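First up is the structure itself, then whatever we jot down about it.
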Amino acid sequence: MKRLLFLLPFLLCADEDFISHYEYGEMLYNQPRGVNCAECHGESGEGKVIVEFRDIHGKKVLRGPDIRKESLASMINSVNSYHKIMPRYYLTDEEVKAIYDYLQKKNSEYLDESEEGNTTK
Ligand code: HEC
């Protein structure tokens, strides 16, 4: 709700380009239909510990993987399929692309750096 209030000025700027593609991606990443990607994949998709617990086998750590290097095609595929932990989302390809572009832009420095170190590409 706080987020929506923050967006209100953008929404009211009728002569402006509604909200930018980046802001749209940010909004979707942070709240696609109530469950946000950031909760499990971290603020920028870097991955995050969701929960730590202990069972008869000892300590377990449940984490959301780093998705910064995920391709658009595999992101669309992941969001649209069933997983053990991650919920299935009903987002359009356009919406997933906005999330993808948002993460690409947000992590551009990290992605540039790791590309330089990768000589096989
Ligand atoms: C409840 C936690 C949770 C939420 C919310 C969540 N994910 Fe995930 N995600 C996971 C986990 C855990 C995996 C690993 C597969 C599994 O075990 O479910 C995963 C896998 C993925 C993968 C594949 C990466 C890989 O290495 O296999 C992508 C891409 C992805 N998530 C993107 C997203 C996006 C985009 C959103 C928001 C629309 C999202 N996730 C929301 C927990 C979550």
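Just so you know, ligand 1 is whichever comes first in the structure, and atom 1 is the first atom listed for that ligand. In this text the structure is predicted, and so the values were computed from the model without any measurement.
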The atoms of ligand 1 lying under 4.0 Å from a heavy atom of Lys84, numbered in the order shown, are 18 (O)
Is Asp101 salt-bridged to Lys105, going by a charged N under 4.0 Å from an acidic O?
-> no
Near His83 (heavy-atom distance under 4.0 Å), the atoms of ligand 1 are 15 (C), 16 (C), 18 (O)
Item to complete: May I ask whether Asn77 places a heavy atom under 4.0 Å from ligand 1?
Response: no
| request: Would you check whether Ile50 has a nitrogen or oxygen atom less than 3.5 angstrom from a nitrogen or oxygen atom of ligand 1? | output: no
In ligand 1, the atoms that come under 4.0 Å of a heavy atom of Ile67 are 22 (C), 24 (C), 28 (C), 29 (C), 30 (C), 32 (C)
Note: heavy atom closest to atom 26 (O) of ligand 1, options Ser74, Gly47, Pro65, belongs to Pro65
Answer whether the closest heavy-atom distance between the side chains of Arg88 and Ser81 falls below 4.5 Å. no
At under 4.0 Å between heavy atoms, what of Cys37 touches ligand 1? The answer is both
Practice problem: Determine whether Tyr22 and Lys106 make a side-chain contact, defined as any pair of heavy atoms from C-beta on separated by less than 4.5 Å. | Solution: yes
Q | Close N or O approach (His41, ligand 1; < 3.5 Å) | A | yes
So the atoms of ligand 1 within less than 4.0 Å of a heavy atom of Val79 turn out to be 35 (C)
For Glu43 and Tyr29 the tightest heavy-atom approach is O-CE2, 3.4 Å
In ligand 1, the atoms that come under 4.0 Å of a heavy atom of Arg63 are 12 (C)
Exercise for the section: Look at atom NZ of Lys60 and say whether more than 12 heavy atoms of other residues, nucleotides or ligands are closer to it than 6.0 Å. Expected result: yes
Side-chain touch Val79/Ile99, heavy atoms, less than 4.5 angstrom:
no
Under 4.0 Å from one or more heavy atoms of Asn36, ligand 1 contributes atoms 5 (C)
**Asked** Is Met86 close to ligand 1, meaning an N/O of one under 3.5 Å from an N/O of the other?
**Response** yes
Salt-bridge test for Glu46 and Arg68: reply yes if a basic N is under 4.0 Å from a carboxylate O, no otherwise. no
Here the pair of heavy atoms bringing Asn30 nearest to Tyr102 is ND2-OH, 4.2 Å
